[in-house]
Structures are given as structure tokens and as C-alpha cells.
Colleague: 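Mind having a look at this structure? Questions to follow.
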Amino acid sequence: MKDFINKNKDNLITYGIVIIAYIVLELLMSLGLISSLMTGLLVPLCAYIILAVSLNITVGILGELSLGHAGFMCVGAFTSAFFSKCTVNVITVEWIRFTIAILIGFLCAGVIGFLIGMPVLRLKGDYLAIVTLAFGEIIKNVMNVLYIGRDSKGFHFSTKDAVALGLEESGEIIVNGAQGITGTPKSSNFTVGVVLILITLFIVLNLIKSRDGRAVMAIRDNVIAAESVGINITKYKLLAFSISAALAGVAGVLYSHNLSSLMATPKNFGYNMSIMILVFVVLGGIGNIRGSIISAVILTLLPELLRGLSNLRMLIYAIVLIAMMLFSWSPKAKDFRDKTVATLLFWKKDNTVKGGSDNGSN
Amino acid sequence: MKKLTKTLAVALSAAMFLTSLTGCAGAAKGGDTWKIGGIGPTTGGAAVYGIAVQNGADLAIKEINEAGGIAGNKIEYNFQDDELDSEKSVNAYNALKDWGMNILVGSVTSGCCVAVAAESVNDNMFQLTPSGSAVDCITNKNVFQVCFTDPNQGIGAASYIGSNNVASKVAVIYDSSDVYSSGIYQKFAQEADNQPFEIVSAEAFTADSKTDFSVQLQKAADAGAELVFLPIYYTEASLILTQAASAGYNFKFFGCDGLDGILGVENFDTSLAEGVMLLTPFAADAADEKTQNFVKAYEAAYGDTPNQFAADAYDAVYIIKAAIEKSGVAPSASVSEIGDALEKAMTEITVDGLTGESMNWSEDGAVNKAPKAMEIKNGNYSLIQ
């Protein structure tokens with residue numbers, strides 16, 4: 001047991017943070033101490049954490065830059081919302097329907113990730129980034145021209161407009177082009193979100209520790225060396241990329257089932273969002289899963305906490321973002337931080353000497 | 001030692017995080033003031049509409065407060081940015097709830113409005129959207145509209161063109177990435193089947209490609225269209241008019257309320273807009289006294305000519321005032337009680353506003369007012385009788 005804990009200490013801390021945060025927030029919520037703004041933010045927070053962690057597979061573990069992550073989220077969001085909207089009257093047990101929706105989002109995004117990954121992963125670095133950016137935009141734009149309706153004869157598809165569907169009087173339009181899907185049942189909640197975060201962490205952290213994960217990291221560190229020891233480069237690259245896409249799909253499911261109107265706008269599924277997720281990963285530290293979680297939380301909360309500043313809000317947000325990025329990653333700032341930590345340590349030393357017995361038991 | 005520092009750091013940041021979470025909880029309920037919240041985009045590409053609504057409502061609220069408030073109760077106003085994003089719109093709604101809002105004027109745009117309406121129904125918060133025109137906005141019983149629904153505009157435009165024999169061959173250029181535009185187009189196309197004219201071409205553009213319309217105009221010309229129907233906003237419409245004129249096409253143009261404001265576009269040769277017809281509830285240069293007073297006050301306060309969004313928001317506040325006075329509900333009542341009272345009162349009141357005479361509402365939340373057809377003559381909007 002002790003051996004297990006020692007080996008997995010780092011991972012256990014990550015799980016622990018999530019679980020403790022969940023318990024504390026649930027407690028505060030039941031006591032009515034949390035504002036409605038924060039309550040409303042909890043599910044999006046979970047979605048963004050999953051996105052950041054999943055992108056970290058591609059960026060941190062595989063070492064490739066992907067700017068199309070929001071596209072996979074979009075696939076997960078739309079396929080699952082489509083499923084839920086179609087079956088809302090057929091499968092009345094909510095958790096069964098939502099579980100299937102999550103699986104559908106996971107699989108569809110994974111398959112799309114696999115299909116896109118096949119041609120795209122032949123590229124490296126900047127080229128890969130640009131092509132994934134393009135694919136992300138393609139996915140968003142396809143969603144914007146897609147019309148799907150349903151009547152007694154079955155499903156109708158069109159890429160022109162809703163009139164071209166030729167629906168019967170009683171038919172309903174499910175996906176209405178740029179207007180997206182409205183009336184998705186609101187199945188997401190904080191508990192489901194946290195469970196999905198834990199599952200995502202479980203998948204990702206175990207992947208990193210596994211044989212496959214080491215192979216992926218070997219590719220990241222040196223492709224030629226990895227190839228020379230017999231690692232199948234294409235296979236492992238595709239594996240990492242598809243898992244990353246599939247988990248982004250799960251985040252999309254969570255996102256789409258939290259809002260009753262789902263539209264593919266540049267704001268939520270465009271490259272802005274892809275870059276936002278990349279910012280989570282970069283600020284939290286590339287390859288650092290726990291860092292991704294923390295930075296996703298901070299950067300999502302920040303613009304909302306700044307609401308008091310009204311018109312200056314987005315400006316201040318940008319400035320704070322720049323400051324945080326500099327403070328976390330510029331070499332000078334790192335030196336400064338190390339020095340401060342050192343001073344703190346000395347101060348701590350005095351402290352521990354005084355109250356040593358107390359700390360020792362921890 | 002290092003571990004301890006780490007633990008300490010984690011504990012400290014957790015504490016800070018929690019303080020920030022709970023910091024804004026437990027906002028005081030508005031005792032004897034009405035707390036009206038507003039939601040709309042005030043940053044980003046659609047900021048024009050959000051700011052117009054913000055200012056329009058602000059102006060009305062200032063006027064009411066100066067005149068002594070609603071039955072002696074003053075109004076407080078708080079407008080939150082949603083960046084044209086449904087998710088942010090819901091966040092804004094929750095932030096306003098923390099502030100103690102008891103009535104909501106918003107959201108400005110349809111997509112955001114649908115998302116917010118799904119939340120507000122749980123609180124039975126009375127919601128009056130000035131400009132969220134999609135039908136899905138008002139499916140819940142607590143949401144009412146000031147503007148026409150998109151289908152009504154589409155049907156209205158089609159039947160106007162049909163019954164007045166404006167043209168027999170009609171082309172449509174619309175924005176498929178915009179809910180407003182494609183919503184109107186869909187109903188227009190459906191209604192056109194019942195009308196004596198024929199749609200000869202329907203060409204779409206999207207938010208990413210809204211600067212060059214030569215292809216769409218060429219197709220309309222090839223199909224022999226006499227009239228081009230533009231269910232879009234005025235910025236793109238001004239480009240279409242300019243490009244049509246420079247290519248030498250001689251179409252008639254017909255639009256909906258989004259075209260209001262076209263005469264105010266910078267560097268736009270307004271003589272090109274001569275003869276453009278539009279169905280709109282509001283025009284800033286209309287001659288009636290009410291509109292002129294509003295435009296004057298608005299320009300003095302915000303240095304900008306008001307558009308239809310501002311007028312809708314201005315009306316929205318007065319509609320709320322009328323509904324409150326009708327129901328006699330007090331601001332000290334709970335959000336849900338206010339909601340119940342106002343929902344009932346809405347179906348009983350009739351309001352004369354900037355955007356329509358004797359507006360009244362049915363239980364489904366849609367407004368009932370006569371559309372006004374305007375034509376641009378001598379650089380001015382004039383009412384077609």
C-alpha cells in the first residue's frame with residue numbers, strides 16, 4: 001500500500017485536489033454560501049478543465065501543437081445534443097440517456113480525431129498547427145450549414161436551408177443551420193462534471209505512466225531514436241491525438257447539455273476557443289496536468305470575477321493574462337520567484353523550529 | 001521543507017479561491033427599489049446592438065426616476081456584457097441574480113436569449129427581451145418580446161410585396177450565419193409560395209464573407225430579379241447597395257427592421273438608398289413628436305443617433321412600468337411573485353411606444369403591433385400609407 005502511494009503520489013495529489021474541491025464546493029452550496037454566478041460557472045469550469053487536460057495530451061505528451069481542439073469539442077457537443085434532442089421522449093431515464101450521449105460524443109469526436117489525424121500527423125510543428133487550425137474551422141463551418149429535420153418519414157438532411165428539408169407539417173427541425181440546436185435537455189450538473197474530470201484524469205495519468213505513454217513521449221523527445229528502437233510512430237501519434245480529441249468531445253457533451261441553445265459561433269467553437277484552451281495548457285505548464293486544471297479554473301473565473309469593472313473588464317483580463325504568463329514563465333520572473341521562495345523558506349525554518357512538533361505529525 | 005512550503009501555498013491559494021467564490025454571495029434583496037438587469041454584447045462585433053440597448057434602457061430609466069419612479073419606487077439598473085456568447089450570457093444572468101435583480105431586460109440577441117430564458121424560467125424571473133426575435137426566445141411563459149418575431153417579419157414582408165404587387169421576381173440575399181437573417185428568410189420563402197411573386201434566387205453569405213457581394217448580385221441579375229429582398233443588417237446592406245450601383249444593376253430593394261440605420265452609415269452615399277423600402281417599427285428621423293424627443297434626448301446623452309435596438313429597449317422599460325402599475329406589485333415581493341404578477345399584467349396592458357402604437361401581448365409572449373412600411377425618399381424615411 002505504502003509502496004503504491006509513494007509511486008503514485010503525484011497523481012493522487014491531483015485526484016485529491018479535484019475531490020476536495022468538489023466536497024468543499026458541495027458543502028458550501030448546501031449551506032447556500034455560493035453565489036448563483038459561481039454555481040452557474042461550475043459546469044463550464046468542468047468542461048474547460050477536461051479540455052485543458054485533453055489538449056495537454058497532444059501538446060504536452062505528444063509534443064505537437066494543435067490549434068483545432070475546439071473543433072473536436074464542437075463534434076462532441078453537436079452529436080450528443082442531436083442524440084439527446086431526438087431521444088428525449090424515447091429514453092426517459094435521464095442518466096441512461098446522458099451516459100449514452102457522453103459515449104456518443106466521446107466516440108464521434110474520437111473517430112473524427114482519428115480521421116483528421118491520419119493525414120495531418122504527417123506534418124510537424126507549425127505546419128501541423130496551421131492544418132489543425134483549418135480543420136477546426138472546417139468542422140465549425142460544416143455545423144453552420146447543416147440542416148437536419150425529422151418527420152414521420154424519417155430524417156431529412158440539407159446543406160442549403162431549412163425549407164429545402166421538405167418537412168411535413170408535423171415535422172421538427174433538429175439542427176437548424178447557423179441557429180444550431182435549441183432545446184437540448186439540461187442534463188449536465190456539477191457532480192457529473194467532476195466524475196468526468198476524474199475519468200479524464202484517470203485515462204490521461206494512466207496513459208502517461210503506461211507503456212504506450214512512454215512510447216508517445218519517446219516520439220516527442222526524439223523521433224529518430226524512437227523509430228530506431230522499433231516504436232510505430234504513426235500508431236502512437238494517432239493514439240494520442242484520437243484520445244485527446246475524444247476527451248475534448250466529452251467536454252463538448254458537458255458544454256452542450258448545460259445550455260439550451262447550442263450554436264457553432266466563432267466564440268465558442270472557433271479558433272479563439274482553441275487558442276484559449278492552448279493558453280490554459282501553456283500557462284499551467286506544458287505536460288503538467290495539474291497545472292492545466294489550475295490555470296483552466298483561474299482563467300475561466302477571472303473574466304467573471306472582473307464583472308465589477310464593467311467596460312474595462314476584457315482589457316484588464318488581457319493585462320492580467322500577460323502578467324501571469326510573464327510571472328510564471330519568464331526566466332527573470334522565475335529567478336525572482338526562486339529568491340522569494342528561498343526567503344520564505346528561511347522564514348519557515350524559524351517557524352518550524354518554534355512549532356516543530358506540530359508540523360512533524362503532518 | 002519545500003513540501004511544507006508547497007502545502008502552505010496550496011492551502012493559501014485554496015483559501016483565496018474560496019473567498020473569491022463566496023465574496024459575492026448573499027446579495028441583499030432590493031427593498032423598495034426595482035432592480036432591473038440587462039444583458040447584451042457590449043464588447044466584440046455585435047457591441048453596437050448591446051450598447052444601443054444599454055443606453056436606450058438607461059435613458060428610459062433615468063426619465064422615470066426623474067419623474068419619481070414607478071409608483072414612488074426608484075429603479076436601479078445594471079447592464080452586463082455577454083460577448084455574444086450563450087454561456088457568458090448565462091453567467092451574466094447569474095451575476096445579475098447575485099446583484100438582486102428582480103426584472104430582466106434582455107438578452108439582446110436571439111441565441112443568448114434562448115439560453116438565458118432556459119435559466120430564468122426556473123426562477124420565474126420576468127424577462128422582456130427588447131430584440132431577441134427568434135420564436136424560441138419566448139417558449140417559456142415568463143418571457144415576452146418587444147420586437148416582432150422573425151417569422152412575423154418574414155411573413156409580413158412577403159405578404160406586403162405580394163399584396164402591393166411590388167415585384168413578380170424576387171431575389172434574396174441573406175446571412176446564413178445569423179439567426180435573425182436566416183429566420184426571416186425561412187418564413188419569407190415559405191410564405192412566398194402563397195403569394196403572386198416568385199423567388200428566383202436565394203443566395204447566402206456568412207459572417208466571414210460579408211464584404212463582397214458581386215456574386216450574389218450577379219446571380220440575382222442573371223435570374224431576372226426585379227427586387228432584392230435583404231433581411232439583413234444595415235452595414236452589409238449599404239455595401240450591397242453600393243456594389244449594385246457600381247455594377248450598374250437597377251434593382252428595387254426591400255428590407256426589414258435591420259435596415260434601419262442605413263442612412264447613418266459613414267461614407268455611404270445616401271442617394272443610393274433612394275427608393276429602398278423597409279418594414280421597420282422605428283426610424284430615427286420619423287416626424288412624430290415622441291420619436292423626435294427620444295432621438296434628441298438620446299443624442300444629447302450618448303452622442304449617437306439611436307437605432308431600432310435603442311428604441312426597443314426604451315420601450316421595454318416603459319412596458320415594464322405599465323405592467324407594474326397595472327399589477328400593483330411591490331418591489332419587496334419575491335422574484336417569482338413579481339414574475340407571476342407581471343406575466344398576468346402583460347396580457348392586460350396596451351402600450352403606445354416608439355416602436356408601435358397600442359402594442360399588446362398574448363400569453364405566448366409575442367407582441368401584437370402593426371408593422372410600418374417605410375420608403376426612403378429624399379434622404380429621409382417616410383411612412384408608406
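Letters go in sequence order (proteins before strands), and every chain restarts at 1.
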Colleague: For B:Y93, is it the side chain, the backbone, both, or neither that has a heavy atom closer than 4.5 Å to a heavy atom of chain A?
Modeller: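 B:Y93 has no heavy atom closer than 4.5 Å to chain A.
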Colleague: Are any side-chain N or O atoms of A:S261 and backbone N or O atoms of B:G111, one a donor and one an acceptor, separated by less than 3.5 Å?
Modeller: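 Answer holds: yes.
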Colleague: Among A:P44, A:G180, A:G177, single out the residue with the greatest number of heavy-atom pairs under 4.5 Å to chain B.
Modeller: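 Ranked by contacts with chain B, first place is A:P44.
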Colleague: With a 4.5 angstrom heavy-atom cut-off, is it the side chain or the backbone of B:A117 that approaches chain A, or both, or neither?
Modeller: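 Neither part.
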Colleague: Between B:K88 and A:E304, does any side-chain N to carboxylate O distance fall below 4.0 Å?
Modeller: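 No salt bridge links B:K88 with A:E304.
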Colleague: Given heavy-atom pairs under 4.5 angstrom as the criterion, report whether the side chain, backbone, both or neither of B:V114 touches chain A.
Modeller: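 For B:V114, heavy atoms of backbone and side chain both lie under 4.5 Å from chain A.
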Colleague: Are side-chain heavy atoms of A:T39 and B:N94 found at a separation under 4.5 Å?
Modeller: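 No, their side chains stay 4.5 Å or more apart.
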Colleague: Is there a side-chain contact between A:K267 and B:L84, using heavy atoms and a 4.5 Å cut-off?
Modeller: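 SC-SC contact between A:K267 and B:L84 ruled out.
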Colleague: Give, as side chain, backbone, both or neither, the part of A:N176 having an atom under 4.5 angstrom from any heavy atom of chain B.
Modeller: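 Interface part for A:N176: side chain.
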Colleague: Please examine the side chains of B:Q186 and A:Y147, heavy atoms only from C-beta on, and report whether any two atoms are closer than 4.5 Å.
Modeller: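 SC-SC contact between A:Y147 and B:Q186 confirmed.
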Colleague: Under 4.5 Å heavy-atom distance to chain A, tell me which part of B:A95 shows up: side chain, backbone, both or neither.
Modeller: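 B:A95 touches chain A through backbone and side-chain heavy atoms alike.
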Colleague: Measuring from B:T109:OG1 to A:M263:CE, what's the distance to the nearest 0.5 Å?
Modeller: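 Here the interatomic distance stands at 7.0 Å.
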Colleague: Decide if atom OH of A:Y271 counts as having more than 12 heavy atoms of other residues, nucleotides or ligands within a radius under 6.0 Å.
Modeller: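 Check fails, neighbour count at 12 or below.
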Colleague: I'd like to know if the side chain of A:R307 and the backbone of B:L96 have a donor-acceptor N/O pair within less than 3.5 Å.
Modeller: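 No, because the side chain of A:R307 does not come within donor-acceptor range (under 3.5 Å) of the backbone of B:L96.
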Colleague: Could you look at B:D136 and say if it's the side chain, the backbone, both or neither that has a heavy atom under 4.5 Å from chain A?
Modeller: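 Only the side chain of B:D136 comes within 4.5 Å of chain A.
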Colleague: Looking at every heavy atom in both A:S260 and B:A115, which two are closest together, and how far apart are they?
Modeller: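 Looking at all heavy atoms of both residues, the closest pair is OG-CA, 3.8 Å.
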Colleague: Heavy-atom pairs under 4.5 Å with chain A - which of B:S110, B:C113, B:S89, B:S182 has more of them than the others?
Modeller: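 Result: the option with the highest number of such pairs is B:S182.
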Colleague: Enter the distance from B:E87:CD to A:N268:CG here, rounded to the nearest 0.5 Å.
Modeller: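 Atom-to-atom, B:E87:CD and A:N268:CG are 8.0 Å apart.
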Colleague: Test your reading of the model: is there a side-chain donor-acceptor pair from B:D98 to the backbone of A:S35, 3.5 Å cut-off?
Modeller: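 Pair absent, no side-chain N/O of B:D98 close to backbone of A:S35.
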Colleague: For A:N258 and B:E119, which heavy atoms make the closest approach, and how far apart are they?
Modeller: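 So the two residues come closest at O-OE2, 4.2 Å.
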Colleague: So what's closer than 4.5 Å to chain A heavy atoms on B:T43: side chain, backbone, both or neither?
Modeller: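 Side chain only.
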Colleague: Chain A heavy atoms under 4.5 Å from B:Y174: which part of the residue, side chain, backbone, both or neither?
Modeller: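 Only the side chain of B:Y174 comes within 4.5 Å of chain A.
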